[in-house]
Amino acid sequence: MSEPTDPHSDDTPDVVAAPEAAAGSGLAAEKERRLGLVEAMRESGDNPYPYRFDRTHTLADVRSGWGHLEPGIETEDPVSVAGRIMLKRDSGKLIFATIRDRSGEIQLFISKAVVGDDEFAAIKDLDLGDWVGVNGTVMTTRKGELSVKPDHVELLSKAIRPMPDKWHGLTDVDTRFRQRYADLIVNEDARRNFEIRHETVASFRRTLAKHGFIEVETPVLHPEVGGAHARPFTTHHNTLDMQLYLRIAVELYLKRLIVGGMERVYEIARTFRNEGVSTRHNPEFTMMELYQAFGDWNDVMDITEELITTAAQDALGTTVVEVRGEQVDLADAWPRKRMIDYASEGTGVELHPSMPISDVRKVAANHDVFVEDRWGAGKIIEELFEKTAESSIIRPTFVTGHPVEISPLARVDRNDPFLTERFELFVDGRELANGYSELNDPVEQRARFEDEQAAKAAGDDEAGSLDEDYIRALEYGMPPTGGLGIGIDRLAMLLAGVDSIKEVILFPTLRPEVH
RNA sequence: GCCUCUCUAGCUCAAUGGUAGAGCAGUGGACUUUUAAUCCAUUGGUUCUGGGUUCGAGCCCCAGGGGAGGCACCA
């Protein structure tokens, strides 16, 4: 409702378009024409936006029920179907229309003799993009096309705006992401990508339930930043007058639940990181994190393989995916290899976080790896791994044994005090998952946090804060625990075979549209 | 933040610095078994925005905006 004080309400030359302005067929004229049809329906007592429709069959139901019909058969089997008009072929006293619902498409065989002159005229006025409900019988045409022959076609919702090109669809990537609704209407690939994403998440939930994991929800608004190494979004609560951060991870909350005795928990968590946008990064993304009491990193690597392989089978019907042109069977065992071994091979120098920092710096300098003064040997080795090896890991591989310095929440390797029992899963050069034997010693955890605070004081603005409540929780005793995080978006990219994270996020972060 | 590319009708795309076009969609007409239906006719433009060069700019130059890719950032 526009108020009388609305500055635009006095001069409204373009609000009520003059009939002359509706001439032609630009967008404005097209909308005007369709609105005219809406108005005409209302004047004749028909609702162009009725409240509901009784559907007896989805279009897939019709296909599975009658798909075997020979050409040229007319049944008397009644069906009520509904969908959006995607194509229309008008051939005089017959109209062929293709409608689509979520399950598929089917042709309407609309005969003037069957529906009558008045309704046939109304059907002629339907536009591509309109939603219709149809009561009719199932038949096949002479050429064998399975069709519904309507007794009655009812407009369920009038489309005022024309659909994108019926053949070429929508290719402009900007419009595809901004107007995802239009993308989904016309682009089969877009619908498929989100179906794969859905199947992946649904599969995860089934696998996790099978293993006795409980799904939980923990806060999105965090008073402290922790659980990962990233810059947060900051926000403010008015009545509490406190600064809050959108979560960068859910790790510290889920482990509190392990302390509480919940034993096996997971969360499919929208997570936020205040970082650049790229084909692999969206500021908000989804991680599945799980924690399993009495387990360690080996248990967690096993469940990682099971989750992802099962998800591929469920979403694609196969465990074989194509990565950079190579057929990769996810069901093959995934190799495990230490980060320091990758870095050593990549540089030709035997590297270990125990070696003198000056030696590691020399290797870094030889490989053009930038080094901050505050970095220790462990951090530099990680940089060397990323520089020399990361992008060449095509097949799913667990990179293991991250240095303690870069893993403040992971437990020290039982065989090497400089490394942790940690792994990251890499596929196609991308990190897909991260997990470890969880550090549960409150005294050591405090010391690790304090080291991190030192890094923060030295200028690392991605370091977390010292979470006293988390330490308090550990002081009550956390059982030995294995933890895991899987990037759902990146996994969906892998399974869908797309190169941009925006293809698997319905509404990716974009700058606001300018008009 | 930096570099490269890109932006023309609702959609998909053309247009040597010289009158902005086509297909689809739309409109009018023909057609009772079409399949992106076909056939005839036809409407539709702030060429992203603002400057500049030029007799003349969709095209060349500058600035700005959106997007994409790459780099940087990114456990």
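This structure is a prediction, so every number in the text was calculated from the model and none was measured. Below, read A as the first sequence line, B as the second, and so on, with proteins coming before strands; counting in each chain starts at 1.
Checked against the 6.0 Å centroid threshold, A:Phe398 and A:Trp334 count as a close aromatic pair. Between A:Phe507 and A:Tyr181, a ring centre-to-centre spacing not shorter than 6.0 Å is recorded.
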Requested in this report: Assess whether salt bridge (Lys or Arg N to Asp or Glu O under 4.0 Å) is satisfied between A:Glu421 and A:Arg411, documenting all intermediate values.
Outcome: CA-CA 6 Å; A:Glu421 293 192 350; A:Arg411 191 164 186 160; over 6 Å; no
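For A:Arg324, the CZ atom sits in a packed shell: over 12 heavy atoms of surrounding residues, nucleotides or ligands are nearer than 6.0 Å. Within a 6.0 Å sphere centred on CZ of A:Arg191, heavy atoms belonging to other residues, nucleotides or ligands number more than 12.
Using modelled atom types, one finds a donor on one side chain and an acceptor on the other under 3.5 Å when comparing A:Glu224 with A:Ser465. Under the 3.5 Å distance criterion, with hydrogens and angles disregarded, no donor-acceptor pair is assigned to the side chains of A:Glu438 and A:Thr481. Checking A:Glu267 against A:Thr218 by side-chain atom types alone, a donor-acceptor pair falls below 3.5 Å. A:Gln107 and A:Arg89 are linked by a side-chain donor-acceptor pair at a separation below 3.5 angstrom, with hydrogens and angles left out of the test. In the model, A:Lys337 has no side-chain atom that pairs as donor or acceptor with a side-chain atom of A:Tyr342 under 3.5 Å. Between A:Asn434 and A:Arg422, the side chains place a donor N or O and an acceptor N or O closer than 3.5 Å (distance only, hydrogens not considered). Under the 3.5 Å distance criterion, with hydrogens and angles disregarded, no donor-acceptor pair is assigned to the side chains of A:His402 and A:Glu382.
Between A:Phe96 and A:Phe109, the ring planes lie perpendicular to each other; the angle is over 60°, past the 30° to 60° tilted range.
Scanning atom types as modelled, no donor and acceptor separated by under 3.5 angstrom connect the side chain of A:Asp165 and the base of B:G10. Between the side chain of A:Gln107 and the base of B:U34 there is at least one donor-acceptor pair of N/O atoms closer than 3.5 Å.
Checking B:G26, B:A25, B:A36 against every side-chain atom of A:Pro162, the shortest atom distance belongs to B:A25. The A:Glu74 side chain lies nearest to B:U33 when the options are B:C11, B:G26, B:U33. Across B:C11, B:G26, B:A75, the shortest atom-to-atom separation from the side chain of A:Asp127 is found for B:G26. You'll find that the side chain of A:Leu87 is closest to B:A36, out of B:U33, B:A75, B:A36.
Within the nucleic acid shown, A:Gly169 comes within 4.0 Å of sugar-phosphate atoms alone, with no base atom in reach, counting heavy atoms only. Residue A:Pro408 is in base contact, counting any heavy-atom pair closer than 4.0 Å across all strands shown. Counting any heavy atom pair closer than 4.0 Å across all strands shown, A:Ile406 reaches a base atom. Residue A:Asp90 is classed as a base contact, given a heavy-atom separation below 4.0 Å to a base. Here A:Lys143 lies in heavy-atom contact (under 4.0 Å) with a base.
The base-pairing partner of B:A63, taking Watson-Crick or G-U wobble contacts with both distances under 3.5 Å, is B:U49. Using N1 to N3 plus N6-O4 or O6-N4 for Watson-Crick, or N1-O2 and O6-N3 for G-U wobble, each under 3.5 Å, B:G1 pairs with B:C71. Shown here, B:U27 forms a base pair with B:A41; the pair counts as Watson-Crick or G-U wobble because both key distances fall under 3.5 Å.
Annotation: of the two residues near RNA chain B, A:Ala113 and A:Arg280, the 5′-most nearest-nucleotide partner is A:Ala113. The residue among A:Leu510 and A:Ala228 whose nearest nucleotide of RNA chain B is located toward the 5' end is A:Leu510.
A close approach under 4.0 Å does occur between a side-chain nitrogen or oxygen of A:Lys502 and OP1 or OP2 of B:A68. Contact annotation: A:Lys166 side-chain N/O to B:A37 OP1/OP2 distance is under 4.0 Å. Put simply, A:Ser91 has no side-chain N or O that comes within less than 4.0 Å of OP1 or OP2 on B:U35. One finds a side-chain N or O of A:Arg511 lying less than 4.0 angstrom from the OP1 or OP2 phosphate oxygen of B:G67. An OP1 or OP2 oxygen of B:U34 is reached within less than 4.0 angstrom by no side-chain nitrogen or oxygen of A:Thr141. Proximity of A:His168 to the phosphate of B:U12: no side-chain N or O atom is located under 4.0 Å from OP1 or OP2. OP1 or OP2 of B:A37 sits under 4.0 Å from a side-chain N or O of A:Arg89. When the side-chain nitrogen and oxygen atoms of A:Arg178 are compared with OP1 and OP2 of B:G67, one or more of them lie within a distance under 4.0 Å. At least one side-chain nitrogen or oxygen of A:Thr279 sits closer than 4.0 Å to the OP1 or OP2 atom of B:G70. Close to B:G10, at under 4.0 Å from its OP1 or OP2, lies no side-chain N or O of A:Arg161.
Atom CG in A:Leu108 sits about 17 Å away from atom P in B:U34, given to the nearest Å. For the pair A:Met287 CE and B:A75 P, the interatomic distance rounds to 12 Å; values are reported in whole Å. Atoms CD1 (A:Ile95) and C1' (B:U35) sit 15 Å apart, rounded to a whole Å. Put simply, CG on A:Asp174 is 10 Å from P on B:G66, counting in whole angstrom units. A straight line from CD of A:Glu372 to P of B:C73 spans 10 Å, rounded to a whole angstrom. Atoms CG (A:Asp172) and P (B:C48) sit 12 Å apart, rounded to a whole Å. One interatomic measurement links the two molecules: CZ of A:Phe426 to P of B:A75, which rounds to 11 Å at whole-angstrom precision. Rounded to whole Å, atom P of B:C11 lies 8 Å from atom CD of A:Gln179.
Taking atom P on both nucleotides, B:C40 is separated from B:G23 by 10 Å, rounded to a whole Å. For the C1' atom pair drawn from B:A22 and B:U42, the interatomic distance equals 15 Å after rounding to whole Å. Rounded to a whole angstrom, the distance from the P atom of B:C48 to that of B:G66 is 16 Å. As rounded to the nearest Å, B:C13 and B:U47 have C1' atoms that lie 13 Å from one another. One P atom belongs to B:G52, the other to B:A9, and the distance between them is 25 Å to the nearest Å. Nucleotides B:C39 and B:C55 place their C1' atoms 46 Å apart, quoted to the nearest Å. For the P atoms, the distance linking B:G51 with B:G58 amounts to 14 Å, nearest Å. When the P atom is used for both B:G64 and B:C5, the distance is 16 Å, rounded to whole Å.
Using a 4.0 Å cut-off on heavy atoms, none of the residues of residues 376-390 of chain A approach RNA chain B. Of the residues in residues 427-434 of chain A, A:Glu431, A:Asn434 come within less than 4.0 Å of RNA chain B through at least one heavy atom, sorted by number.
Taking the centre and axis of the six-membered ring of A:Tyr253, the NZ or CZ atom of A:Arg256 falls inside the cone set by 45° and 6.0 Å.
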